[in-house]
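Here's the structure we're looking at; comments come further down.
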Amino acid sequence: MFHINIHCRPKRENIEHFGKIMGAYVAVFIDYKDVDGAFELAKFYVSDNQWEIIDVEDDYFSFQ
């Protein structure tokens, strides 16, 4: 399992949060076999929930 931090802001389509929230940090926990796949999944889930990714931290935590 990997813990990945992503800095993001709501997309215009995110009616609930757009204009109310300037940005947020998301802590994503992904249970995946390799770190590259975990990063791709984390970015997909954040974007799929109508958040624009500003930065993905290079550092991550791994839980065994």
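Residues Asn14 and Asn49 share a closest heavy-atom pair of ND2-O, 3.8 Å. Taking each heavy atom of Trp51 and Ala24 in turn, the nearest pair found is CZ3-CB, 4.2 Å. A pairwise comparison of heavy atoms in Ile4 and Ala42 identifies CD1-CB, 4.1 Å as the closest pair. Across Ala38 and Tyr32, no two heavy atoms sit closer than the pair N-CD2, 3.6 Å.
Counting only residues at least two apart or on different chains, no salt bridge (charged side-chain N to carboxylate O under 4.0 Å, His left out) pair has a member in residues 21-31. Applying the side-chain hydrogen bond (donor to acceptor under 3.5 Å, both in side chains) definition to pairs two or more places apart or across chains, those involving residues 34-48 are Lys11-Ser47, Glu40-Lys43. Within the structure, the side-chain hydrogen bond (donor to acceptor under 3.5 Å, both in side chains) test picks out the following pairs touching residues 52-61 (sequence neighbours left out): Arg9-Glu52.
Partners of His7 according to the ring pair (Phe, Tyr, Trp, His ring centres under 6.0 Å) rule, which considers only residues two or more places apart in sequence or in another chain, are Tyr25. Under the side chain to side chain donor-acceptor pair (under 3.5 Å) criterion, Asn5 pairs with His3, not counting sequence neighbours.
Rounding to the nearest 0.5 Å places CD1 of Ile53 at 5.0 Å from CD1 of Ile6. The line from CZ of Phe2 to CZ of Phe63 is 10.5 Å long, rounded to the nearest 0.5 Å.
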Let me have the donor-acceptor pairs involving side chains of residues 16-23, under 3.5 Å, with sequence neighbours excluded, atom names and distances please.
{"residue": "Lys20", "atom": "NZ", "partner": "Glu16", "partner atom": "O", "Å": "3.4"}

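Hydrophobic clustering (side-chain heavy atoms under 4.5 Å, transitive across Ile, Leu, Val, Met, Phe, Trp, Tyr) keeps Met1 apart from Val35.
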